[in-house]
Every structure is written in C-alpha cells, then in structure tokens.
Amino acid sequence: MITRKRLAAGVCGLLAAMAVALLPTPASAGEPDAKTAPKVELTLDVSGSMRARDIDGQSRMSAAKQAFNEVLDAVPDGVQLGIRTLGADYRGEDRKTGCKDTRQLYPVGPLDRTEAKTAVATLSPTGWTPIGPALLGAAHDLKGGEGSRRIVLITDGEDTCAPLDPCQVARDIAAQGIHLTVDTLGLLPDAKTRKQLSCIAEATGGTYTSVQHTKQLRDRVHQLVERTADPVVTPVATQGAQSCAGAPKLKPGLYSDREKFAEHRWYQVDVKPGQELRASVSVSADRAVNNDYGVLLRASTEHGRELVRGAEAGDGRTDVISSGLRYPEPPADAPDGADEPPAKTVCLQVSNSFSAPPSVKTEPGMPVELAIDVVDGPSDASDAAFLGLGHGWWLLITLALTGLVAGLVWGWISRWRVSVWRTN
C-alpha cells in the first residue's frame, strides 16, 4: 500500500514538473519586450527595371532576393522585422494606379524566417517606383513602441510618382518627432537616383550607400539591421517658444526640435546654486542651403541679462554645425526656513543664420538636437567656468593684461630713452 502511494506521488510530481516546463517562460531580462523592441522594415523596389542583369551576372531582383535570404538568417533576436514592396503588383500603364502600388509583404513583428523567405521568393519585377508612398506606408507600419525604428530602402531608380517628392516625404516624417531613420541603398544608381536617395537619408539622419555587388548589398543590409538592435539614446521631441516666458522647461537629457531659417527658439533650464549647466546644440542642413551660416547658443536670465554664449560659423563644408556653453551658478545660502536655496531659471536661446535659394522649401524646419546636463559646479579656480566665463573670455582677458603690461613697459623704456637723450 505504501509503495503504491509513493508511486502515485512520484507520478504526480513528474506530471507537475512537465506542466511547469511546458508553460511559456517570461522573456529574459536581457531581451526587449514588445514595447521597447527595435523595429526595422526592409522596403524593396520590385519595379520593372529590377529585371536588368548587371549585378554579378544575375538580375537585380535575384541579387536582392539572395541578399534578403542571407540577412533573414542573421537577424538578431529581439528585433521586430517587416518587409514592404513598391511596384510589385500593378503591370499596367495607368500612372495614378501605379503610384499606389505599395504593400506590406511581411508584417513588422517577431520574425518567422521560413515565412519571410517564402514571401520574398514570390516577388517578380513588375511596375512603377512609388518611393514616396512606400515611405509613408513604412512609417505607418513602424508606429508605436519606444524602441529604435529604421526603414531600409533598396531601389535601383528614382521615384516615378512626382509631384509627391520622396525627399519632402522624408522631411515630413522626420518633423513628426517619431525618431525614425531612413537608410537608402541604390543599386547601380545614376546621378539623379544618387541625389534623391542621399536627400532622403540626410533628412532623417540616415545613410546612403551605392551598391555594385550582391555581397555588398547583403553586408550593408545586415549591418543596418544589426545597428537597429543596438541600444541608442532617443531624443525627446520638444518645441521651443518665441520667448523665454513661454518656453518649455527642460531637464537633463537629449531633445529634438525643428527650426526655420534665421529663427530664434527659447527653452528654460533650472540650475540650483552650486551647480553648472552644460548645453550643446546641433543644427542639420537637411536641404540645399547657402554656404555661409552659423548657430548661436545663448544663456540669459529671465530678465534678459546675458550670462554666456557659444557660437559657431560654417562655410558649406559640413551638413551639421554645433556649439556649446557652460554656466556655473555660484553657491548661495538657503533662505530662513528653507532646506535648500531656490533654483535659478536659465533661458537658453537657439538661433541660426541659415539661408537658402528661393526654390528651397522652408517647411518643415531644419532638425535641431539639444543636449542638456546639470552637474556639480567647479571648485577649481583654474577652471574657466569657475568665474562664470564662457569660452573665449580667458583669451580676451589674457590679451588685455598682456597689452597693459606691454604698454607700461614700453612707456617706461620710452621715458628712459628720452631722459638719456636729454642728458647726453
């Protein structure tokens, strides 16, 4: 009897262990959940021109399929991947219909490699090249979540659906503040295609790559998918005001905004006594601009008294111009009955002197990235910020003192020479 009871207990324990093992296990701490998982959508041109057999002895479409299959095998765990096509279905000549020919081939989500490969295998070069509508569709596919988002666009030609300008579509996507990056790859591109794809990438902070071989295409797409999985600091979208009074109050962090040509935008930061404000700003020229431009980052009190400024000028050799400043708030005693002294509101002004030819659109504004940090103030008198002086002031003071000393010495020498001349 006892043996039977022990046997029954053993069987029950075994069944319980098997049931626990079959239960779904929670995601490990190292894997992102659905909300923070990085997302990427591969957007492939399947237009008629992809039939051309000029990539390593095979058609452009075959090269793209081969690269996709190898990339799908190596997608990092935790990355949600989708595939969108453009020009894959409509074979007719009606431009209006052809410019709507974009669809999601494989939904963005956890990857089933077999299913994704099967979907890619069915593609055949067919129709038009609606890049603008495809970008809008891909941006919609990637909505939601807090992880990084990336569109990888592969095409062999420029958009055929003007006046919907893909470059303007990319700017509009960037202006939404959803922090979506578009990387573009041109298969044996001509000058017009290269210019358009470069503009799309620059508008969203992405990259452009010219592709000549299958291996190059595979390696680059794989690199971009892996880059999506890397954790990055995502800027928080904000909107500066026209004056300090109505400006948003920023905490330490990274922020993004948009600023029109020759515009001024204001932000507020609280700095406690004994702390130091460190701020930097970068403005990107995501469209054709005139060569001479500059950016100003200025800190002032709420009453308009300037505290410190940082400025930088450019001459057209780079697409990004940056400047920064440091401002330490001197220590102070807390008022009676207070645990600590009140914080001081510092007004940050971001201004630019960009200009452009009349044909260049000013909407949306250019991308602005603002980095804010508040740290313990310096205690070393040799630090320029110790006296509340910005970059350049120490040089000015040194030159002034050097000039004063040199003037006194030269005056003394001159008087000595005159006295000697009179004596002789």
Side-chain angles (χ1 to χ4, degrees), residues 40-73 82-106 116-135 137-138 151-167 169-170 182-201 206-225:
V40 59
E41 183 153 79
L42 307 180
T43 305
L44 179 61
D45 179 2
V46 196
S47 61
S49 58
M50 291 288 283
R51 298 190 193 98
R53 302 182 63 86
D54 51 9
I55 297 186
D56 298 334
Q58 60 183 335
S59 69
R60 299 174 183 180
M61 191 72 246
S62 297
K65 287 182 178 181
Q66 180 181 335
F68 267 47
N69 286 337
E70 296 181 24
V71 168
L72 292 173
D73 283 333
I83 303 173
R84 173 170 283 273
T85 62
L86 55 128
D89 300 312
Y90 180 67
R91 299 177 180 274
E93 298 297 326
D94 182 63
R95 185 167 174 273
K96 186 175 181 180
T97 304
C99 288
K100 296 178 181 178
D101 185 12
T102 176
R103 65 183 172 92
Q104 192 175 41
L105 183 70
Y106 184 83
K117 288 181 180 181
T118 301
V120 171
T122 64
L123 297 176
S124 177
T126 301
W128 296 63
T129 313
I131 294 178
L135 290 177
I151 297 172
V152 180
L153 172 65
I154 302 108
T155 179
D156 68 338
E158 61 178 329
D159 181 89
T160 56
C161 292
L164 184 60
D165 181 6
C167 190
V169 170
V182 181
D183 295 289
T184 57
L185 291 86
L187 306 182
L188 302 171
D190 56 21
K192 287 185 177 180
T193 302
R194 187 162 46 246
K195 181 178 180 181
Q196 186 174 83
L197 295 181
S198 296
C199 181
I200 293 171
T207 59
Y208 163 72
T209 306
S210 177
V211 175
Q212 310 291 329
H213 303 284
T214 305
K215 182 179 182 300
Q216 185 182 9
L217 175 62
R218 178 202 65 203
D219 291 347
R220 184 56 177 160
V221 175
H222 177 60
Q223 183 184 49
L224 293 172
V225 172

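In this chain, residues are counted from 1 in sequence order. The structure presented is a predicted model; accordingly, all values stated were derived computationally and were not measured. We use all heavy atoms of the structure for the numbers below, so side chains are in, but hydrogens, waters and symmetry mates are not.
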Closest approach of [X] to [Y] (non-hydrogen atoms, all atoms of both residues):
X    : Y    : value
A64  : L44  : CB-CD1, 3.9 Å
V46  : S124 : CG1-O, 3.3 Å
P130 : G98  : CG-O, 3.9 Å
R95  : C161 : NH2-C, 3.6 Å
T155 : G157 : OG1-O, 3.0 Å
C99  : P133 : O-CG, 3.3 Å

Do [X] and [Y] come within less than 4.5 Å of each other through their side chains, counting heavy atoms only?
X    : Y    : answer
R84  : I151 : no
L185 : L224 : yes
I200 : I131 : yes
L135 : T43  : no
E158 : T129 : no
Q196 : T184 : no
D156 : S47  : yes
D89  : T126 : no

How long is the span from the [atom1] atom in [X] to the [atom2] atom in [Y], to the nearest 0.5 Å?
X    : Y    : atom1 : atom2 : value
R220 : T209 : CZ    : OG1   : 4.0 Å
T85  : Q104 : OG1   : CD    : 9.5 Å
L187 : H213 : CG    : NE2   : 12.0 Å
I83  : F68  : CD1   : CZ    : 6.0 Å
L197 : D183 : CG    : CG    : 11.5 Å
N69  : R218 : CG    : CZ    : 12.0 Å

#### Entry: Lys/Arg N to Asp/Glu carboxylate O, D45 vs R60, below 4.0 Å
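R60 and D45: not salt-bridged.
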
Check whether [X] reaches the backbone of [Y] with its side chain - one donor and one acceptor, N or O, closer than 3.5 Å.
X    : Y    : answer
S59  : R53  : no
K65  : L123 : yes
W128 : D159 : no
D101 : A88  : yes

### Task
Begin from the C-alpha positions of E70 and V221 and carry the test side-chain contact (heavy atoms from CB on, under 4.5 Å) through to its verdict.
CA-CA 10 Å; E70 296 181 24; V221 175; over 6 Å; no

### Message
Please determine whether salt bridge (charged side-chain N to carboxylate O under 4.0 Å, His left out) holds for the pair D56 and K215, giving the CA-CA distance in whole Å, both sets of side-chain angles, and the decisive distance to 0.1 Å.
### Response
CA-CA 9 Å; D56 298 334; K215 182 179 182 300; over 6 Å; no

### Task
Please step through side-chain contact (heavy atoms from CB on, under 4.5 Å) for the pair I55 and Q212, ending with a clear verdict.
CA-CA 7 Å; I55 297 186; Q212 310 291 329; over 6 Å; no

